[in-house]
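To start, the structure itself, in structure tokens.
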There are 2 protein chains.
Amino acid sequence: MPRPSNKPRILEAATDLFSRKGFRATTVRDIAEAAGMVSAGLYAHIATKEDLLVEIVREAAEEFEQALAPLVALPLEPPEKLRQAVRAHLEVVTQSPARARIFLDEWQALSPPRRESVQRWRERYEAHWAAILQEGAEQGAFLVEDLALARVFVLSCLNAVNRWYRPDGRLGVEEVADRYATWLLRVLAGPVDKTNHPR
Amino acid sequence: MPRPSNKPRILEAATDLFSRKGFRATTVRDIAEAAGMVSAGLYAHIATKEDLLVEIVREAAEEFEQALAPLVALPLEPPEKLRQAVRAHLEVVTQSPARARIFLDEWQALSPPRRESVQRWRERYEAHWAAILQEGAEQGAFLVEDLALARVFVLSCLNAVNRWYRPDGRLGVEEVADRYATWLLRVLAGPVDKTNHPR
DNA sequence: CCTACCGATCGGTAGG
DNA sequence: CCTACCGATCGGTAGG
């Protein structure tokens with residue numbers, strides 16, 4: 001009978017600590033204690049503290065990827081696709097807040113060789129958003145002038161939710177997603193000129 | 001004749017290092033070297049490394065405050081006031097990027113007693129934005145349903161510019177400010193219902 | 001602002 | 001996964 005490894009406990013402890021205190025401010029002794037062992041015991045499961053951070057970032061990247069990728073291929077009207085993408089992203093951001101925070105911010109503590117692979121994961125995820133916006137622009141549903149800037153704008157708003165959202169707060173994630181989607185669709189709908197003046 | 005103190009050099013070095021590497025990853029030896037002295041020499045000017053961070057956050061808070069406060073009292077139409085506020089905020093964010101980053105993020109490395117005064121500076125600044133939005137709502141120019149959420153939304157987008165803006169990039173800060181202001185005004189203009197269907 | 005230094009703590013290893 | 005430990009580095013001080 002294989003008894004359960006404690007690796008998941010270590011990852012869980014590190015995720016919580018890295019997200020709350022930051023990678024540099026977290027010691028291997030902190031992690032070991034939270035996982036119920038002494039610091040030397042960690043090294044039966046990991047090679048370095050930095051590997052732990054990479055592994056958490058990878059988990060988080062997969063979580064974002066799996067939330068969004070299926071949606072991108074769906075045959076939806078662009079506004080509805082955007083609305084569902086906003087909801088999917090915010091669900092990850094609010095329901096795995098520690099992992100999400102590490103994917104969004106704390107990966108920057110990695111040293112250059114490992115940063116680059118993380119950067120590729122991030123670019124791959126952002127490419128899904130580019131595709132959603134591109135599709136909306138091609139179909140004439142999104143009239144925004146600068147798609148690259150619009151993508152940055154959209155993801156800025158959404159990612160920041162990770163910093164302020166609290167599960168016991170005034171708004172649930174569905175409410176935030178609905179309002180944010182509505183607002184972002186106003187941005188993407190393009191200039192509204194009720195008087196039909198030429199611009 | 002009072003010769004010029006090296007305190008400004010220390011602050012400048014610490015601002016650069018804290019913003020690039022983070023507070024925890026920056027050593028007092030790093031700062032001293034960048035300021036042209038040995039680490040013990042720092043302590044002729046400061047009491048602790050943390051004091052240095054507090055001082056930088058205070059400088060940054062003042063810079064944001066001085067950019068926005070005069071504007072808030074001006075007799076401008078709400079959309080124009082918002083546009084000018086966006087520009088003022090983004091100018092600080094892009095022209096003092098290191099200081100701004102410390103005001104926006106790195107202050108969280110402070111331990112609880114000092115964090116609280118920083119939090120008050122931040123709340124004071126955010127109150128100006130609340131006032132701008134409130135005024136627009138009262139005058140009927142901004143029709144957004146949830147002013148508190150709108151303020152978070154607006155500041156999220158604007159603050160994130162600090163993370164991606166590069167002086168040698170495709171867009172200058174004026175262009176980013178103009179487009180962002182346009183987009184945010186679409187959000188704040190409220191629902192546009194060209195067909196006059198009831199909602 | 002420098003030389004010299006300190007106690008604490010860091011990430012990680014040896015050996016079982 | 002533990003006991004025992006290591007070299008490096010940390011923020012900061014003494015004394016001038």
Side-chain angles (χ1 to χ4, degrees), chain A residues 1-58 102 106-115 118, chain B residues 1-58 102 106-115 118:
Chain A
M1 293 272 287
R3 61 172 173 71
S5 165
N6 278 328
K7 184 72 182 289
R9 292 170 60 93
I10 294 171
L11 281 168
E12 196 181 350
T15 302
D16 175 58
L17 288 162
F18 289 165
S19 77
R20 285 193 298 107
K21 309 176 44 169
F23 176 74
R24 289 293 297 237
T26 300
T27 70
V28 293
R29 285 164 180 81
D30 291 335
I31 300 166
E33 186 187 18
M37 60 186 75
V38 296
S39 66
L42 281 183
Y43 292 90
H45 300 280
I46 62 166
T48 67
K49 180 187 169 193
E50 209 173 355
D51 283 342
L52 214 37
L53 180 53
V54 173
E55 198 158 340
I56 295 165
V57 175
R58 194 181 42 70
I102 290 169
E106 207 55 35
W107 63 275
Q108 299 181 64
L110 290 169
S111 45
R114 294 150 189 270
R115 278 174 78 121
V118 169
Chain B
M1 292 271 288
R3 62 172 171 73
S5 165
N6 278 329
K7 184 73 181 289
R9 293 170 59 93
I10 294 171
L11 281 169
E12 195 181 351
T15 302
D16 175 60
L17 287 161
F18 289 165
S19 76
R20 285 193 299 107
K21 308 176 44 169
F23 175 75
R24 291 292 295 238
T26 300
T27 70
V28 293
R29 286 164 180 81
D30 291 336
I31 300 166
E33 186 187 18
M37 61 184 76
V38 296
S39 66
L42 282 183
Y43 292 90
H45 300 279
I46 64 166
T48 68
K49 180 188 168 192
E50 210 172 355
D51 283 343
L52 214 37
L53 180 53
V54 173
E55 198 159 341
I56 294 164
V57 175
R58 194 182 41 70
I102 290 168
E106 207 53 36
W107 64 275
Q108 298 181 63
L110 289 169
S111 46
R114 294 151 191 268
R115 278 175 79 120
V118 169

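Numbered from 1 within each chain, the chains take letters A, B, ... in sequence-line order.
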Contact check, residues 9-17 of chain A vs DNA chain C, heavy-atom distance under 4.0 Å, returns none
A:H45 has a side chain; which of D:dC1, C:dC1, D:dT13 sits nearest to it?
D:dC1
If you pin A:A44 and B:A47 to their nearest nucleotides in DNA chain D, which one's is more 5'?
A:A44
Quick check: does any side chain N or O of B:E50 sit under 3.5 Å from a backbone N or O of B:S111, one acting as donor and the other as acceptor?
yes
Going by the rule side-chain contact (heavy atoms from CB on, under 4.5 Å), which residues pair with B:V38 if we only count those two or more places apart in sequence or in a different chain?
none
When you match B:K7 and A:E50 each to their closest nucleotide on DNA chain C, which lands nearer the 5' end?
B:K7
Residue list, salt bridge (charged side-chain N to carboxylate O under 4.0 Å, His left out) with A:R9, at least two apart or on another chain
none
Listed by chain and number, what are the salt bridge (charged side-chain N to carboxylate O under 4.0 Å, His left out) partners of B:R29, not counting sequence neighbours?
none
Note: A:K21-A:E106 ion pair, threshold 4.0 Å (strictly below):
no
Taking only nitrogen or oxygen atoms into account, show me every contact under 3.5 Å that the protein makes with nucleotides 9-11 of chain C, one pair per line with its distance.
| from | atom 1 | to | atom 2 | distance (Å) |
| --- | --- | --- | --- | --- |
| C:dG11 | OP1 | A:T26 | O | 3.3 |
| C:dG11 | OP1 | A:K49 | NZ | 2.8 |
| C:dG11 | OP2 | A:V28 | N | 2.9 |
| C:dG11 | N7 | A:R29 | NH1 | 2.9 |
| C:dG11 | O6 | A:R29 | NH2 | 2.9 |

Given 3.5 Å as the limit, does a donor-acceptor pair link the side chain of B:D16 with the main chain of B:A13, or not?
no
In which stems does DNA chain D show up, taking only runs of three or more Watson-Crick or G-U wobble pairs whose two distances fall under 3.5 Å?
C:1-16 with D:1-16
Would you please name every residue forming a side-chain contact (heavy atoms from CB on, under 4.5 Å) with A:A44, sequence neighbours left out?
none
For residues 13-48 of chain A, which residue pairs pass the ring pair (Phe, Tyr, Trp, His ring centres under 6.0 Å) check, not counting sequence neighbours?
A:F18-A:F23
Value for CG (B:L17) from CD1 (B:I31), rounded to nearest 0.5 Å, stands at 6.5 Å
So, with a heavy-atom separation below 4.0 Å from DNA chain D, the residues of residues 31-38 of chain A are A:M37, A:V38
All salt bridge (charged side-chain N to carboxylate O under 4.0 Å, His left out) counterparts of A:R115, not counting sequence neighbours:
none
Rounded to the nearest 0.5 Å, what separation is found between the CG atom of B:L52 and the CD1 atom of B:I102?
9.0 Å
Please list, chain by chain and in numerical order, all residues satisfying side chain to side chain donor-acceptor pair (under 3.5 Å) with B:E33, sequence neighbours excluded.
none
Using salt bridge (charged side-chain N to carboxylate O under 4.0 Å, His left out) as the criterion, list what pairs up with A:E12, not counting sequence neighbours.
none
